[in-house]
Each structure stands twice: as C-alpha cells, then as structure tokens.
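Just so it is clear: chains get the letters A, B, ... in the order the sequence lines come, proteins before strands, and each one is counted from 1.
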Amino acid sequence: MTDPEEVRLYRTVRLIRRFEERAIGLVRSGHIVGGIHPYLGQEGIAAGVCAALRADDVVAGTHRGHGHVLAKGADPARMLAELCGRENGLNRGRGGSMHAADFGVGVLGANAIVGASGAIMTGAVWAARRRGGDVVGVSFFGDGAVNEGMLLEAFNLAALWRVPVLFVCENNGYATTMPVDGAVAGTITGRAEAFGMPASVVDGQDPEAVRAVTAAAVARMRAGGGPELIEARTYRFDAHHTFEHAVRLDYRPPDEVARGRSRDPVEIAGARLSDADRAAVDAEVETTLDAAVEFALAGPEPDPADALAYLYASGLTARGGG
Amino acid sequence: MTDPEEVRLYRTVRLIRRFEERAIGLVRSGHIVGGIHPYLGQEGIAAGVCAALRADDVVAGTHRGHGHVLAKGADPARMLAELCGRENGLNRGRGGSMHAADFGVGVLGANAIVGASGAIMTGAVWAARRRGGDVVGVSFFGDGAVNEGMLLEAFNLAALWRVPVLFVCENNGYATTMPVDGAVAGTITGRAEAFGMPASVVDGQDPEAVRAVTAAAVARMRAGGGPELIEARTYRFDAHHTFEHAVRLDYRPPDEVARGRSRDPVEIAGARLSDADRAAVDAEVETTLDAAVEFALAGPEPDPADALAYLYASGLTARGGG
Amino acid sequence: MPRLSYRRALTRALADEMTRDPDVFLLGEDIRVAASNVTAGLLKRFGPDRVLDTPLSEQAFTSFATGAALLGTRPVIEFQIPSLLFLVFEQIVNHAHKFPLMTGGQCAVPVTYLVPGSGSRTGWAGQHSDHPYSLFAHVGVTTVVPATPADAYGLLVSAVRCDDPVVVFAPAGAMEVRADVDLAALVPVPLGRGRVHRAGDDVTVVAVGHLVHDALAVAEDIADQVSVEVFDPRTLYPFDWDGLWESVSRTGRLVVVDDSNRACGIGAEVIAGVVERVRLVAPPRRVTRPDGAVLPFAPALDRAVQPGREQLRAAIQNVMKDG
Amino acid sequence: MPRLSYRRALTRALADEMTRDPDVFLLGEDIRVAASNVTAGLLKRFGPDRVLDTPLSEQAFTSFATGAALLGTRPVIEFQIPSLLFLVFEQIVNHAHKFPLMTGGQCAVPVTYLVPGSGSRTGWAGQHSDHPYSLFAHVGVTTVVPATPADAYGLLVSAVRCDDPVVVFAPAGAMEVRADVDLAALVPVPLGRGRVHRAGDDVTVVAVGHLVHDALAVAEDIADQVSVEVFDPRTLYPFDWDGLWESVSRTGRLVVVDDSNRACGIGAEVIAGVVERVRLVAPPRRVTRPDGAVLPFAPALDRAVQPGREQLRAAIQNVMKDG
Ligand SMILES: Cc1ncc(C[n+]2csc(CCOP(=O)(O)OP(=O)(O)O)c2C)c(N)n1
Ligand SMILES: Cc1ncc(C[n+]2csc(CCOP(=O)(O)OP(=O)(O)O)c2C)c(N)n1
Ligand SMILES: [Mg+2]
Ligand SMILES: [Mg+2]
C-alpha cells in the first residue's frame with residue numbers, strides 16, 4: 001500500500017490542479033469575474049509546505065493564492081464560491097481570488113500586493129507567540145517580491161526579533177513577464193542569508209522534497225529558532241493571469257515552457273501511488289469539486305444594499321455616496 | 001613640507017568641525033531655528049570621500065548633511081546663510097539644514113528622509129551617464145538607513161543596471177538612540193554583497209584611509225564597474241540633534257563616548273601636517289568662517305510674500321490659503 | 001476619420017513625445033511586452049534604453065525617476081495598479097513634489113506618473129480598484145483625468161512637457177472609449193483648462209474622467225426636462241475655477257459626480273470652491289463613492305459602491321426641485 | 001487642580017490603556033528612551049516586551065502591527081514625523097483599513113497610529129512639517145486631532161479601544177498646551193463627537209487641532225463686534241455632522257480654519273457637508289494652508305504658509321459683511 005503521507009500530498013496537489021482547471025473554466029464561462037492567477041505547476045509547494053504544518057499554524061499568501069488556501073485546509077466549495085463572488089464564499093464574496101482568507105484554518109489571506117505578507121505574518125506570529133505556544137507562520141511570495149523593500153524590511157524584523165516565520169519564495173522564473181535574472185541582483189537565498197537567516201533551495205516540483213525541507217525548518221523554529229527562507233524552484237505552467245490569454249504576450253520561449261511543464265508535480269507525486277490509490281484519489285477529488293461547483297453556483301449573490309458591510313469592525317456606518 | 005593632499009584633507013575636516021561648532025553656537029543664540037544634526041566626529045568620511053571625487057561627480061546626503069555639502073565644495077558662507085534661513089543661502093533660505101543643496105557643485109541635497117537618497121542618486125547618475133562621460137555618484141547614509149526598504153531596493157536597482165553609485169554607510173553605531181546591533185540583522189557589508197556589490201569596511205576616523213578606499217572604488221566605477229558600498233566606521237561625538245541637549249536622553253555609556261571621542265579625525269588628519277601648516281590652515285579656516293558668519297547674519301530674510309516661490313518649476317501659481 | 005481608442009491615444013502621445021524629445025524615456029513593470037497594452041510597439045521603436053522594465057521595486061524606481069529628472073531627463077512611469085501610488089506616496093509627495101521649493105528653485109522634477117486603468121476594473125477587488133486622484137489634488141501635485149481619446153492624447157503630451165510632476169489617471173471606465181479623431185488635429189491640451197462637453201442652462205454637472213460619458217448620457221436622457229451643462233475639469237489640480245465659475249454663474253445650480261471617496265474628495269472641493277464665490281439657487285449635490293470606500297469583489301457590490309447614472313439623475317432632479 | 005500638559009495627557013492615556021488591557025503594546029523609533037517624550041516612563045512600567053524599539057523600517061513595523069492586530073493584540077505605533085505616514089500609506093490604507101471588508105468580516109485591525117508633533121515644528125522644514133490628516137479622512141480611516149489635554153487623553157484612549165485603525169494627530173502647536181484638569185475626571189472621549197468650545201450666535205468657526213486655541217483667541221478679541229461659536233470637530237473622520245449642522249443652523253454663517261492644504265482638505269469637506277444641508281446667510285469661507293503647500297525653512301515663510309489669526313479674523317469679518 002502507498003504511504004498515507006504520499007497519498008495526502010498527492011491528494012492536495014491533485015485537488016489544487018483540478019480546482020484551478022475548473023476555476024479557469026468558470027472564468028471562461030463568466031462565472032468568475034475578473035480572472036485569476038492560476039497556480040498550475042506550482043502545486044507541489046503549497047502542498048509540501050502545508051503538509052508540514054499544524055492546524056494552528058498560520059499562513060499568508062499571494063495574488064497566486066488558491067493553492068495556499070486549499071493546502072492549509074480551507075473548504076474548496078467555499079473557496080470556489082468566493083471566486084464566484086457568492087455570499088456563501090469564504091469571504092462572503094467580498095474578497096475574491098486575490099483576498100481569499102479563512103481565519104478558521106489559519107489562512108490570513110491571499111494578498112494582491114506583492115511582498116506585503118511578510119511583515120503581516122511576522123506580526124501575526126509574534127502576537128500568537130506572546131500568548132504562549134509554539135505556533136509558526138509561513139509567508140508565501142514569488143521571485144518578484146524579493147525586490148520589494150517592504151519584504152526585505154520584514155526579513156530584518158523577523159531575524160532581529162527571532163520570529164519563527166518561514167519565508168517561502170516560489171521562484172517560477174518570472175514576475176509577470178520579467179525574468180528573475182533581469183530583476184534580482186545576487187541570489188534569493190543570499191538575500192535571506194544577509195539578514196542572518198538560514199536559507200535553502202528546494203525542488204518545488206517535488207511535494208515530498210518541499211515537505212521534508214519545511215518539516216526540518218519548522219522543527220528548528222518550534223525548538224526556538226528564528227526565521228528561515230526556502231526558495232522553491234518551480235515553473236508556472238499557464239499564463240500569469242487568465243487575462244493574458246486575451247492579450248497574447250510573448251515572453252517565454254516555447255522550449256522553456258515545454259521543459260518547465262515536463263516536471264509536473266501532479267505526475268511526480270502521483271507516481272508514488274499505486275494505480276488504484278491514485279485512481280481513488282482522483283475520483284474523490286472530482287466528487288469534491290463537482291460538489292464545490294454546485295455549491296458555488298448555487299450560492300446567493302450578495303445584496304447590493306450590503307455593499308459596505310464589514311467595512312468597519314467597530315460598527316461605524318459609512319456615509320453613502322449618493 | 002606636508003603632502004598637499006594631506007593639507008587639503010585636513011582643511012576639509014577642520015572646516016567641517018569648526019563650521020559645526022559655530023553652527024551649534026548659532027543654534028544656541030537663536031540664529032539657527034529648529035536645530036541641526038551635527039556632523040561632529042564624522043568629518044573624516046565626507047572629507048575623504050569627496051577628496052576622491054571630481055567636480056562633476058554628484059553626491060546626495062542626509063539629515064546629518066553639512067559635512068557632505070561642504071566637502072563637495074559648497075561655499076561655507078552660503079551654507080551658513082542657508083542654515084540661518086537667509087535669502088543669500090544656498091537654497092535662498094527655503095531648505096535649511098536638512099535640505100541644503102548646491103547643484104552647481106554637484107550636491108543634489110541633504111535629505112530629511114532616512115534612506116531616500118540611494119534611489120535618487122541611482123537615477124541621477126544613470127541620467128548623467130546617458131549623455132556620455134564617466135561621472136560617478138555618492139549616496140551617503142547612516143547605519144539606520146540600511147533597514148529602510150527603499151534603500152535596499154535602490155541597491156538592487158543600481159547593481160542590476162550597473163549604475164556607478166558609491167553607497168557610503170556612515171556607521172556611527174546608532175540610529176538616534178537605537179544601537180546598530182539592535183537594528184541590523186547580519187552585517188551592513190553583507191547586505192550590499194547580497195546584491196552582488198563589492199563592499200568594504202574602512203576606518204571612518206581616518207580621512208586618508210577613506211580617501212584611498214574611495215579612490216579605488218571610483219577608479220573601478222569609472223572603468224565601467226557597477227556600484228559598491230563602503231561602510232565607514234565612525235562615532236558621533238555630540239547629540240543626535242541639538243534638540244537632544246534639551247531633553248537629555250541617556251543611551252550611550254560614558255566610557256563608550258570617551259572611547260569614541262578619543263579617535264578624532266581632526267587630530268588624526270592634523271597630526272600629518274607640520275605644526276606650521278596646521279596653524280596656517282586653522283587660521284585660514286577661522287577667517288573663512290568669520291566671513292561666513294558675517295555673510296550669513298547680514299543676509300536678508302526672505303519676504304513672507306514669497307513664501308511659495310519655487311513651489312512649481314512650471315510657473316504654476318498656487319491658490320492661497322486665506 | 002479614423003477611430004482612435006483611448007488606449008491608443010496614450011500610446012500615440014508617448015510615441016510622439018519620445019520622438020520629439022530624446023530625454024523622454026519610460027519605465028515600469030512589464031512595459032516592454034506592454035502587458036497593459038499602452039506601450040505596445042514602443043520597445044521596437046525606441047529601444048531598451050528608453051523603455052525600461054523594472055524589478056518590482058516601486059519605491060526605488062519612482063525615486064530613480066526623480067533623480068533622473070533632476071539631471072535633465074523626462075521620465076514617464078507606468079503603474080500597473082492605482083494603489084501602487086499609495087506605495088510610492090512618499091517618493092512623489094515628499095520628494096518629487098518638494099524638491100523645487102526646498103532647493104530654492106535649483107531644480108525641476110518633470111516626471112509623469114501614468115496609471116492606465118484607474119478605478120474599478122470589475123473583479124479586481126479591494127486592493128486594485130482605487131481611484132486616488134483626490135489625494136494628489138490635496139497634496140498639490142498636478143493631476144489629470146482625461147475622459148476622451150483626444151484629451152488622453154493632449155493631456156498626456158502636456159504632462160510629459162510639464163516641468164513639474166504630473167499624475168495622469170486613465171480610468172478603466174474610459175480606456176475602451178473610441179472616438180472619430182482627425183489624427184493630424186491631435187494637439188496638446190493645456191493643463192488646468194476644463195471643457196464644456198455639452199452646453200446647458202439649468203444645472204452644471206461637473207463630471208470627472210469616465211463619468212463624463214455617464215453625465216452626457218444622463219443629460220441626453222432628461223433633456224426634455226432639464227437643460228444640463230456638462231463640465232469636464234480634465235485637470236483636477238490645478239482646477240479651472242474660471243471656467244467653472246462662468247458655467248455655474250449662468251446655471252445657478254451644481255452637481256458633481258466623482259468616482260473618489262466622498263470625504264475630502266474633489267467633489268467636496270468643487271462645491272467649496274463654487275459656493276465661496278457664486279450664489280447658487282439650490283443647494284449643490286455630489287454623487288461619489290461612499291466615505292472610506294473599499295470595493296468589494298462581487299460585481300454587484302463593486303458597482304453599488306461606484307457612483308451611478310441613477311444617482312446622478314436623482315441628484316439633478318433634486319437640485320431642480322430645491323431651487 | 002493639577003496642571004496637565006497635552007504631552008503628559010498622551011503619556012497617561014497610553015499608561016492607562018496598557019494597564020487596563022495587556023494586549024495593548026507600543027512600537028516605534030526611540031520610544032524606549034522616549035525621544036519624543038511621549039512614552040516617558042513606560043518602558044520601566046511595562047517592560048521591553050510591551051515597549052518595542054524598532055529599526056528604521058516603517059513599512060515593516062506598520063504591517064507588523066497589522067498582523068499582530070489580526071491575532072488579537074492592540075498595537076500603538078508612534079511615528080516621529082508626520083510625513084512618515086506617506087511612507088506607510090500603503091500599509092495603512094491598502095491593508096489595515098481594507099482587511100475587515102475584504103475578508104467579509106473575519107477580522108479586525110485595531111491599530112493606533114500616533115503622530116506627536118504633527119504640522120509645523122518651526123525650523124524642521126519641507127519634509128517634516130506636513131499635516132496630512134485630510135488624506136486619512138479621504139480614505140476613511142478614523143482620524144482624530146485633539147486640541148486640549150483632556151481631549152488628547154480621552155481621544156487617544158478611545159482610539160486604542162476602537163476596533164478599527166485610528167490615526168491620532170497631536171499637532172506640534174498643541175503639544176505644549178497645559179490645562180487645569182481633575183485627573184480623576186479624565187474620561188474616554190467618544191470618536192466622532194465634536195465639541196463647542198465657545199457658544200456664539202453670529203458665525204460658526206470650525207477649527208481643527210491647535211487652531212482651536214487661535215479661534216478662541218480671535219473670538220475673544222472681536223467679541224464686542226461678533227458673537228463667534230467655536231466648534232472643534234475633534235474627530236475629522238467620522239465627522240460630527242449633527243453637531244455642526246445644529247450649530248450652523250443657528251448661526252447661519254460658517255468659517256473653517258484648518259492647517260492642511262486647501263484643495264480637498266477637511267476645510268472643503270466641512271463647507272460641502274454644510275451647504276448640502278443648511279442654507280447659509282453668507283458664503284462660507286475657509287482659512288487653510290495654500291494649495292500644494294510645502295513649508296519653507298525660514299521661519300517667516302513657514303509661518304506665512306500656515307493659517308493665521310489675522311486671516312481668520314478677516315474671514316469672520318467678511319462673512320459678517322456678506323450676509
Ligand atoms: C507591489 C505590487 N507591484 C506590482 C503588482 C502587480 N503584479 C501583480 S503580480 C505581479 C508579478 C509578481 O511576480 P512574482 O512575485 O514572481 O509572483 P508570480 O506572479 O510569479 O507568482 C505583479 C508585478 C502588485 N500586485 N503589487
Ligand atoms: C524614514 C525616516 N524614518 C525616521 C526618521 C527620523 N530620524 C531622523 S534621523 C534618524 C536616525 C538615523 O540614523 P542613521 O541612519 O544611523 O543616521 P545618523 O543619525 O546616525 O547619522 C531618525 C530615526 C526619518 N527622518 N526618516
Ligand atoms: Mg514569479
Ligand atoms: Mg547612525
């Protein structure tokens with residue numbers, strides 16, 4: 001029989017993969033408005049990292065955030081409902097793809113501002129630790145984010161105050177159309193090391209490798225260690241954003257795309273399962289997602305009269321614009 | 001006879017030292033309003049760096065900026081008039097201590113925002129180079145500034161685009177009251193190196209050592225090299241700001257202050273001159289500063305009717321507030 | 001006459017200015033492949049030295065432009081998202097804007113900040129749907145919000161030529177507008193000069209950016225009941241007070257429709273600037289985003305937070321009723 | 001009765017809230033030695049875990065506070081300079097402010113941003129003399145500008161207890177104000193509630209922050225000619241419209257005096273919010289900083305750019321003349 005840990009990893013990568021494919025379909029059919037940044041090809045990272053976390057650990061993601069939210073344990077149905085802007089979505093339809101959050105399972109939110117989550121996560125984990133316990137946090141970001149000063153400031157703060165945040169850089173080779181070599185002087189791990197943080201590179205296409213390196217880092221952090229960085233090398237299989245299909249940007253050589261796609265985390269994880277186990281997971285995932293699509297599309301649209309609900313946690317009512 | 005280069009270096013450190021002492025006097029007497037951040041103790045850095053520059057090179061400074069402006073060649077009289085807020089000041093009294101600038105001698109300005117000058121200087125040198133020539137630029141900043149994300153972004157930009165900017169970090173051990181070890185995870189030079197920049201440490205109390213290391217860096221940059229960083233170790237002899245004398249903050253151990261003051265750049269540079277040469281320079285500096293004080297205090301106060309002059313380079317006239 | 005899209009008008013303005021003045025150059029994210037489709041073709045025409053793709057370092061590249069401008073160039077920065085202006089607020093307001101006065105006139109900072117697609121691009125949600133032009137009017141940075149292709153061309157050209165920093169907001173709601181334009185007749189549009197799109201006698205509607213088109217539609221719609229003058233300030237700062245005072249002096253009534261937040265928005269400024277000077281026959285009204293607006297993701301909520309035609313029509317009818 | 005300084009009122013508010021609620025903590029630059037003299041004594045009382053000195057990383061520590069607030073604490077950040085708010089505008093406006101709506105109510109971000117010494121501190125020149133409160137009113141972040149020691153205490157306490165982000169501007173021009181205060185009677189002041197400092201019949205002067213004291217002085221000065229009511233909104237957003245409408249409904253005349261830039265400032269908002277609702281007998285007036293103001297260094301120029309008593313007196317006399 002397959003190792004249950006491998007089954008779990010495969011289930012997660014497969015779930016994310018099929019979730020994204022269905023979401024792209026829903027973008028095409030107009031059910032998801034505004035488009036998404038698909039996580040296709042990068043599933044191994046979220047799956048591997050979150051497999052090494054506890055339920056009470058916290059994560060914060062990016063604009064390309066579906067994988068992080070799902071891997072940490074959010075309900076795919078409520079996640080899909082969120083993408084469709086429904087009242088039964090994770091954020092009651094107020095956030096959408098780039099802000100999906102589920103505080104109940106430790107997802108402090110995807111984030112549409114590149115590089116923003118590092119400092120937020122540092123403060124969150126610091127606050128959690130103040131109350132005791134040994135929670136750790138993960139801040140996901142892309143290779144483009146390491147050029148944002150606010151993220152580098154967060155590296156410094158986390159390192160100085162020894163806040164146990166795992167900084168996970170998903171290096172997919174591009175920030176939109178900008179190749180990483182054109183944007184990053186020096187290396188990504190070198191930047192973390194300069195702040196006195198341990199940093200390592202891992203094959204982001206292999207969820208088990210990601211899980212292992214994360215588990216080691218998390219163990220060190222729980223034992224009192226400070227922040228660390230993992231650079232997970234990966235490749236974005238699809239467009240930067242579904243909108244890109246419309247504008248047809250030309251910036252990745254076809255042979256590079258082919259090479260990148262040849263190392264597919266779904267295949268790599270799937271190969272570790274028996275055919276029967278794999279088929280069972282696949283079927284289970286489809287059932288889950290069939291139900292999710294149904295749940296999402298059946299969800300009520302929020303009432304425009306409530307457009308400003310939740311604007312102020314204090315209960316302040318904003319003056320209208322009309 | 002003393003090496004003329006040594007005389008020149010001594011003249012600069014001595015000029016800055018005595019300028020600051022007079023300026024502090026003028027703060028006390030109320031002629032300089034708002035106070036200053038004295039450069040006392042750090043004179044060797046500006047003197048050494050600027051001695052290795054050409055007239056057409058450009059520099060940008062900090063809130064503790066008098067030394068940079070003077071060392072690059074601004075007229076001490078017009079500088080002092082600026083501090084006194086007079087129409088005959090470098091900035092016609094509009095800038096004061098923290099914004100003193102003299103574009104005529106390549107001083108793009110002191111700057112009251114910590115960490116701001118790095119990117120400005122990178123753009124300035126890039127623009128100058130676009131027109132040909134081999135100008136280089138210097139961005140001065142303190143040890144506190146290396147924690148500002150905007151400066152770290154500038155390191156990246158300069159390194160990527162190989163813009164010949166010399167980043168000079170004046171590490172005086174404190175950002176106001178925050179010790180450098182409490183604020184900087186890793187090392188200052190390590191941060192620069194992480195962006196692929198050569199970086200070195202120099203004794204900032206020895207102007208000749210600073211000049212030599214700067215000259216070598218400038219030579220590499222003129223020959224087509226990219227940016228570099230020099231960390232000049234120094235000590236601030238006086239308060240962070242003249243205002244501090246009033247509030248009496250207690251954060252530097254007295255023995256540390258004594259040790260710091262024992263390595264005085266004026267003495268170190270002065271010891272390299274014959275007594276006669278040194279006396280001659282001292283006298284010349286006093287004459288210059290006597291004249292400067294006279295010039296400054298005789299300068300006309302700007303007319304309040306012109307309070308918004310120079311607000312818009314385009315000639316736009318702002319609507320008044322009354 | 002050829003049909004010119006707003007987006008292509010921006011492209012054309014950039015190309016023309018780059019041709020005219022070798023000191024003009026562009027920088028921004030993904031502008032070489034023209035992800036926003038505004039800089040299309042410019043890399044090929046002007047080369048990589050004048051079309052610079054930047055790392056995601058908005059603060060640094062904004063101040064890089066300031067420095068480059070100090071030494072004689074004229075940078076144009078494209079920002080992918082309106083809220084990136086929040087991220088570089090310091091660099092624009094505290095540096096680019098302040099350098100000339102602080103140096104006593106030793107320098108100028110002629111940088112253009114171009115935001116193609118400001119305001120709501122339905123589905124981009126809370127952090128990508130801001131319309132922060134009133135912030136720049138408050139700080140006193142020249143701020144333009146063109147409504148039509150010809151104005152997009154003419155105002156962007158003037159922004160590039162201006163010796164001060166200028167923020168150009170190209171509302172998402174206007175980017176797809178097309179108009180029949182005689183290309184040879186495209187000219188710079190002076191900064192600070194408004195435009196009466198439609199003359200009327202009963203009420204002056206001041207409409208900003210894409211809302212000019214909504215205002216025109218509403219005006220047509222109710223033309224049998226009310227004679228509406230539609231005034232497009234085009235530049236929000238400096239504002240064309242003379243033009244507006246002239247209009248309201250005739251109509252005696254004022255409605256402002258503006259896609260920024262209500263409190264301290266340009267809507268407030270227009271009302272204040274008018275009532276200080278002109279006696280109206282009815283209390284003025286504004287139609288804006290609500291106070292503190294954050295655009296929710298769900299399309300119906302997103303729309304509900306933006307000023308709409310129904311609200312504008314109601315406001316016009318109310319000022320007619322009130323006096 | 002003891003004399004309480006404005007600065008010590010702030011200290012006291014912080015100490016009281018830290019005592020009451022262990023989740024309140026402070027962070028900022030040089031707050032342990034209390035360089036601004038606001039946090040004096042707090043390190044000793046509450047220890048280094050609740051008084052955090054930060055590196056010069058304003059963006060990171062502002063978002064650090066957001067994250068810490070998301071997980072249940074109540075951070076108070078002290079900023080040394082008003083323009084540091086420009087540097088963290090993104091972190092406050094795009095993150096702290098937007099999280100509750102964007103998450104559909106899953107969280108709150110109770111952070112207080114305290115700026116002791118906002119506005120001109122004579123001699124600090126262009127980059128250190130801003131008064132950016134109108135910007136926060138525009139974006140809809142709760143914004144308070146206390147004028148007196150008791151209000152400084154009471155509003156800061158309420159800010160710390162508020163479940164939303166709140167910016168507290170303590171104007172440099174008010175920081176040295178002292179008042180006889182019964183310490184036992186210091187109480188929280190509700191956010192969004194104005195205060196009539198001086199009743200009057202002829203004209204309502206809305207004065208913000210330290211200018212309340214100038215308005216009171218001018219009102220006394222001309223008491224024999226005009227009966228001036230001085231209204232201090234205390235909170236600029238949300239604004240106490242009911243309180244102000246009540247006042248101007250009685251007086252029929254309005255003057256606003258406000259130390260932020262003119263265009264799209266709170267002065268404009270007050271005028272707009274009043275004339276939409278109340279018919280005045282004379283055109284309203286505002287006394288503000290000029291458009292696009294940058295404070296020049298020379299003291300006489302610095303003063304010339306700030307609203308002054310002479311201007312306020314003239315404005316009052318003009319509204320009396322006008323109707
Ligand atoms: C601060 C900021 N700058 C620019 C953008 C626009 N933008 C969205 S995603 C993106 C590219 C991000 O690249 P990377 O960090 O490598 O993540 P990836 O998209 O490759 O997953 C850009 C430029 C943004 N959202 N935030
Ligand atoms: C961005 C920014 N943050 C904070 C301040 C307030 N401030 C002025 S000087 C200073 C300390 C700077 O320390 P450092 O960079 O080491 O320079 P030094 O004063 O030691 O020369 C601080 C915090 C500022 N001016 N700008
Ligand atoms: Mg990437
Ligand atoms: Mg220092």
Original post:
Relative to chain D, which segment of A:Ala309 carries a heavy atom at a distance below 4.5 Å: side chain, backbone, both, or neither?
Top reply: backbone
Original post:
Among D:Gln59, D:Lys98, D:Gln91, who wins on heavy-atom pairs under 4.5 Å with chain A?
Top reply: D:Gln59
**OP:** Name the option with the most non-hydrogen atom pairs under 4.5 Å to chain D; the candidates are A:Met98, A:Arg319, A:Glu153.
**Re:** A:Glu153
Subject >> chain D interface, residue from A:Ser314, A:Ala116, A:Ala154, A:Gly89 that has the most non-hydrogen pairs under 4.5 Å >> reply: A:Ser314
Subject >> Option in D:Ala65, D:Cys107, D:Cys162, D:Pro165 with maximal non-hydrogen atom pairs under 4.5 Å from chain A >> reply: D:Cys107
**OP:** Identify which part of D:Glu58 has an atom lying under 4.5 Å from any heavy atom of chain A, answering side chain, backbone, both or neither.
**Re:** backbone
Original post:
Do side-chain atoms of A:Arg94 reach the backbone of D:Gly105 as a donor and acceptor pair under 3.5 angstrom?
Top reply: no
Original post:
Heavy-atom distance under 4.5 Å to chain A: side chain of D:Asp49, backbone, both or neither?
Top reply: backbone
Original post:
Does a side-chain heavy-atom distance below 4.5 Å link A:Thr122 with D:Phe61?
Top reply: no
**OP:** Taking atom CZ of D:Arg193 as the centre, report whether more than 12 heavy atoms of other residues, nucleotides or ligands fall under 6.0 Å from it.
**Re:** no
**OP:** Quick one: closest heavy-atom pair of D:Thr73 and A:Arg130, and the distance?
**Re:** CG2-NH1, 3.8 Å
Subject >> Region of D:Leu52 in contact with chain A, defined by heavy-atom distances below 4.5 Å >> reply: side chain
Original post:
Side chains of A:Trp126 and D:Phe25: does their closest heavy-atom pair fall under 4.5 Å?
Top reply: yes
**OP:** Mind listing the closest non-hydrogen atom pair of A:Arg131 and D:Leu71 along with its distance?
**Re:** NH1-O, 3.8 Å
Original post:
Should the heavy atoms of other residues, nucleotides or ligands under 6.0 Å from CZ of D:Arg277 be counted, would the total exceed 12?
Top reply: no
Subject >> Most contacts with chain D, counted as non-hydrogen pairs under 4.5 angstrom, among A:Leu316, A:Val163, A:Leu308 >> reply: A:Leu316
Subject >> Heavy-atom contact with chain D under 4.5 Å, split by part of A:Met121 >> reply: neither
Original post:
So, for D:Ala108 and A:Ala313, which heavy atoms are closest and what is the spacing to 0.1 Å?
Top reply: CB-CB, 3.5 Å
**OP:** Go through A:Gly93, A:Gly109, A:Gly123, A:Gly96 and name the one with the most non-hydrogen pairs under 4.5 angstrom from chain D.
**Re:** A:Gly123
Original post:
So which part of D:Pro22 gets closer than 4.5 Å to some heavy atom of chain A, the side chain, the backbone, both or neither?
Top reply: backbone
Subject >> Polar side-chain atom of D:Gln106 near backbone of A:Ala101 as donor-acceptor pair, under 3.5 Å >> reply: yes
**OP:** On the 0 to 90° scale, with breaks at 30° and 60°, tag the A:Trp161-D:Phe64 ring pair as parallel, tilted or perpendicular.
**Re:** perpendicular
**OP:** Give, for atom OH of A:Tyr310 and atom CG of D:Leu101, the distance between the pair rounded to the nearest 0.5 Å.
**Re:** 9.5 Å
Subject >> chain D contact via A:Ala307 - which portion, at a heavy-atom distance below 4.5 Å >> reply: backbone
Original post:
Does any non-hydrogen side-chain atom of D:Thr103 lie less than 4.5 Å from one of A:Leu108?
Top reply: no
Original post:
What part of A:Leu160 is in contact with chain D, defined as an atom under 4.5 angstrom from a non-hydrogen atom: side chain, backbone, both or neither?
Top reply: side chain
Original post:
So D:His97 and A:Leu311, side-chain contact (heavy atoms from CB on, under 4.5 Å) or not? Walk me through it.
Top reply: CA-CA 8 Å; D:His97 172 60; A:Leu311 178 56; 4.1 Å; yes
**OP:** Please state whether the side chain, the backbone, both or neither of D:Thr54 comes within less than 4.5 Å of a heavy atom of chain A.
**Re:** both
**OP:** With a 4.5 angstrom heavy-atom cut-off, could you sort out which part of D:Arg74 is near chain A: side chain, backbone, both or neither?
**Re:** neither
Original post:
Who among A:Ala127, A:Gly104, A:Ala119 has the most heavy-atom pairs with chain D under 4.5 Å?
Top reply: A:Ala119
Original post:
Just wondering, do A:Asn111 and D:Met102 contact through their side chains at under 4.5 Å, heavy atoms?
Top reply: no
